[in-house]
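Scope of the values below: all heavy atoms of this structure, side chains included, with no hydrogens, waters or symmetry mates. We're numbering straight along the sequence, starting at 1. Everything numeric here is computed off the predicted structure, so don't read it as measured data.
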Amino acid sequence: MNNIIPVYKNEVETWIERLSAAERHYEKYHRLVAETRNYYKDQTSDIARAGRYNIFWSTVETLKPFLYFKQPKPYIERRNKNADPAETLACRILEKALAWNMEQFDFDSVLKYARNDFLISGMGLVWEQYIPEFRSLPDSENPEKEIEVKVGERVETVYVDPADFIADCDRVGIWEDAAWIAKRIHMGKTEAVELFGEHLAPFIIRPDEKDYAKKDVCIYEVWDKTARKVYWLCKEYKNGFLKVANDPFGLKGFFPCPKPVFATMTNNSIIPTPDYSMIKEMLSELDGINNRMRLTMKALKVSGCYDNSFPELKSILNKDITLVSLNDFQKLKDNGGIRGIIDFVPVEQYVTALEQLAARRQDIIAKIFDVTGVSDIMRGSSNPGDTATAVREKTNFGTLRNQDRQNDMQRFIGDLFRIKAEIICRCFSEETLLGFLPPEERQNTALAKDAVRLLKTDNLRGMVLGVETDVAFQQAQEAAKTLEGINTINELIAKAFQTVSSQPLLLPLYRQMIMSVVVTMPKSRQFTATVEKVFNDIERELNKPDETLPQKPNEALTLEREKAAAQYQLEREKNNLKARELQLKEWVEQNKLYMTNKEMEMQARLKTAQLEKMPEKNAALAPFSDNPGNISSGFVKEF
């Protein structure tokens, strides 16, 4: 079988040069990954490992459950809450497809591999693969021949070692600018020949070679976002690509992996720096202190000398409690007793050194905790005298520094589910998608096909993909949110039932109000479908005719209608009388106001006429007064 892909020779060499250049950029990081892993697993030299207090291992183990500790649950919901039934059914199909797909392999372990790499190596990465399953069956037209039929399919998440990952480094500062990514696949020579053809054998197998089991062939799988193509190539084979695929999945971001979870990053490189580099010097000093303490403890022992004239005292320290018989006890007393004939090597300097080393070790450990963000409360070493509120506040503060990393891990999982959902929509057959529906929902064939058609054409358009996760340090808050959602839904439905029982026409209003509350409350999404079903059942019950009530005869209905009409006419006459009465009162008030205004107008004219006659009277009195101005004040001068 010859799968050689005809291509210009310089194109393959161009890619080999790109890969080699990227490997040179990643070389330092890959060496650091190997060093970090060896230190974490305590697989360094015996001399360096002697007396080690592996605080790095302890720190990583503490942060593991904080970032991820339980398999998440994806859910799909409508972006438009008032969407048609086909969109609702499409969301349900895709959600069940995702849940089923994660059960086909150990999805939880793959995510934990990525989490561990993120904490140890500085980058966590996984890859999505579409795996169809074929079976050879006899051809219906020609029974002598067999044809391969697809009998199953799944989307599997595979782990990618950061030490085998490289990406575009040509003036790339952030992940979104990377034009291509690649991973190295190590396989045996026989496997490589079976996958890519016999033409590869002369380039990777020596004539005298017999052992093909070793995985010493490196195949590069390159995803080129610019050309939207996938290349498989081997550096030993420069005559062409081993295989080429044109945009296999049609993903929005093209790459089959989400943006990795990175440790320390800057905006001028997508190569991360592991946390180990930030505390490497402190870890080295801590190892040196532990080694010194070990040697000091080895030197710290009871040793000394004694007078050889008392050989019986040689083994006096070999037992916990002992009495030694002496031949010349009087001589012992004359020499000042035991202290006079035995002298010990001083150990005070060793004890002081150990105290200083222990204090320095605690100081370094505290600094490592500060750098890595591991607080004392997260390690369970809080003050026993602290109150519950104080412990809770310390816990919240201890998680603040790592909250950003936890959010990034949640983003990573959400992006992974979106890629998986896109591949399911595009690659799964309609029969497979319909198989995720229960039999009762498949009975409506037209609706089911419309839902599948939406998935095949629109993918995730009009849908919102979310992830439900359990946070290790916020279980009480999550439980409180769930309880709050249950109580709220219970109260809303109870009040709605009381009102709707007496006023059935208000059912659509209460239904819309309750659903708008349910879809927005945290931890209440799981009740959405059930609440909709309850309202549908209530609506059917209210619309059902009551067969227990007897039907009234037509004459009774006629009398009631006439009575209602007479009552209506009477009420209408009463309303007319009240209206005329109000008009009469208004006319009286208007006349009263008119007469009042006229009276005030006549009084004003009379007063004006009186004032006009006053100057003539004053002029007649003027010859009899020397000071006319005093008239205004009422003063008259004597004659």
Side-chain angles (χ1 to χ4, degrees), residues 3-34 117 121-129 158-187 189 192 195-197 199-200 202-204 215-260 262 265-274 419:
N3 292 332
I4 185 170
I5 306 298
V7 67
Y8 292 108
K9 184 178 180 180
N10 58 359
E11 186 175 353
V12 177
E13 293 179 348
T14 300
W15 273 110
I16 293 177
E17 291 176 0
R18 290 177 183 174
L19 294 172
S20 300
E23 285 177 328
R24 288 192 294 271
H25 279 88
Y26 274 86
E27 183 179 1
K28 181 179 178 181
Y29 168 71
H30 290 160
R31 287 200 307 267
L32 188 58
V33 168
D117 277 340
S121 306
M123 179 171 63
L125 180 65
V126 294
W127 209 279
E128 291 293 345
Q129 289 183 349
V158 296
Y159 164 73
V160 178
D161 191 342
D164 291 325
F165 176 80
I166 55 176
D168 182 16
C169 295
D170 186 10
R171 297 184 180 274
V172 175
I174 58 177
W175 174 261
E176 290 73 16
D177 292 343
W180 59 269
I181 61 174
K183 67 174 181 177
R184 292 183 292 212
I185 305 173
H186 302 278
M187 61 179 64
K189 296 177 180 179
L195 285 176
F196 302 108
H199 63 279
L200 183 60
F203 297 90
I204 61 175
K215 294 185 177 181
D216 51 2
V217 176
C218 181
I219 305 296
Y220 292 84
E221 181 180 332
V222 184
W223 288 69
D224 183 8
K225 184 166 62 175
T226 304
R228 299 193 73 85
K229 291 184 178 182
V230 184
Y231 306 106
W232 285 264
L233 58 93
C234 178
K235 287 186 177 181
E236 288 78 10
Y237 183 77
K238 300 181 181 180
N239 294 339
F241 295 116
L242 302 178
K243 184 180 177 181
V244 178
N246 293 318
D247 199 0
F249 305 137
L251 300 174
K252 182 178 179 182
F254 180 71
F255 294 146
C257 62
K259 176 184 176 182
F262 291 116
M265 291 280 290
T266 56
N267 293 340
N268 63 347
S269 175
I270 61 173
I271 301 178
T273 300
I419 293 175

For the residue pair [X] and [Y], what are the closest heavy atoms and their distance?
X	Y	answer
V230	F254	CG2-CZ, 4.4 Å
Y29	P272	CD1-O, 3.5 Å
A178	I270	CB-CD1, 4.5 Å
D117	P162	OD2-CD, 3.2 Å
I181	A167	CG2-CB, 4.0 Å
W127	P256	NE1-CG, 3.0 Å

Could you walk me through whether F203 and N239 pass the side-chain contact (heavy atoms from CB on, under 4.5 Å) check? CA-CA 10 Å; F203 297 90; N239 294 339; 3.3 Å; yes

Is there a side-chain contact (heavy atoms from CB on, under 4.5 Å) between H199 and Y237 once you walk through the steps? CA-CA 9 Å; H199 63 279; Y237 183 77; 3.3 Å; yes

Among L19, V172, T226, D170, side chain to side chain contact (heavy atoms under 4.5 Å, CB included) partner for W180: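 Considering L19, V172, T226, D170, a side chain to side chain contact (heavy atoms under 4.5 Å, CB included) with W180 is found only for L19.
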
Among R228, K229, K225, find the one that has a side chain to side chain contact (heavy atoms under 4.5 Å, CB included) with D247.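 One option only clears the test, and that one is R228.
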
Is the side chain of S269 donor-acceptor paired with the backbone N or O of I271 at a distance under 3.5 Å, no angle test?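 Between the backbone of I271 and the side chain of S269 there is a qualifying donor-acceptor contact (under 3.5 Å).
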
Salt-bridge test for E11 and K238: reply yes if a basic N is under 4.0 Å from a carboxylate O, no otherwise.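 Judged by the 4.0 Å cut-off on N to carboxylate O distance, E11 and K238 do not form a salt bridge.
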
Point-to-point distance, once rounded to the nearest 0.5 Å, from [atom1] of [X] to [atom2] of [Y]:
X	Y	atom1	atom2	answer
L125	Y159	CG	OH	9.0 Å
M123	D161	CE	CG	8.5 Å
M265	I174	CE	CD1	9.5 Å
H30	S121	NE2	OG	10.0 Å
M187	L195	CE	CG	5.5 Å
K252	I419	NZ	CD1	11.5 Å

Where do L242 and L200 land on the side-chain contact (heavy atoms from CB on, under 4.5 Å) test, with the steps shown first? CA-CA 8 Å; L242 302 178; L200 183 60; 3.8 Å; yes

Does NE2 belonging to H25 count more than 12 external heavy atoms closer than 6.0 Å?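 No - once you tally the heavy atoms of other residues, nucleotides and ligands closer than 6.0 Å, there are 12 at most.
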
With a 4.5 Å heavy-atom cut-off, do [X] and [Y] have their side chains touching?
X	Y	result
Y220	E23	yes
W175	F262	yes
I16	L233	yes
K259	E176	yes

Decide salt bridge (Lys or Arg N to Asp or Glu O under 4.0 Å) for R184 and E221; before the verdict, give the C-alpha distance in whole Å, the side-chain angles of both, and the deciding distance to 0.1 Å. CA-CA 7 Å; R184 292 183 292 212; E221 181 180 332; over 6 Å; no

Checking V160 against V126 for the side-chain contact (heavy atoms from CB on, under 4.5 Å) test, could you report, in this order, the C-alpha distance in whole Å, the side-chain angles of both residues, the deciding distance, and whether it holds? CA-CA 5 Å; V160 178; V126 294; 5.9 Å; no

List the steps, then state whether side-chain hydrogen bond (donor to acceptor under 3.5 Å, both in side chains) holds for H186 with D164. CA-CA 9 Å; H186 302 278; D164 291 325; 3.2 Å; yes

Can you name the one residue among W223, F196, W15 that meets ring-ring contact (aromatic ring centres under 6.0 Å, His included) with Y231?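 Between Y231 and the candidates, ring-ring contact (aromatic ring centres under 6.0 Å, His included) is satisfied uniquely by W15.
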
Given the rule in the salt bridge (Lys or Arg N to Asp or Glu O under 4.0 Å) test, do K235 and E13 qualify, once you have shown the distances and angles that lead to the verdict? CA-CA 9 Å; K235 287 186 177 181; E13 293 179 348; over 6 Å; no

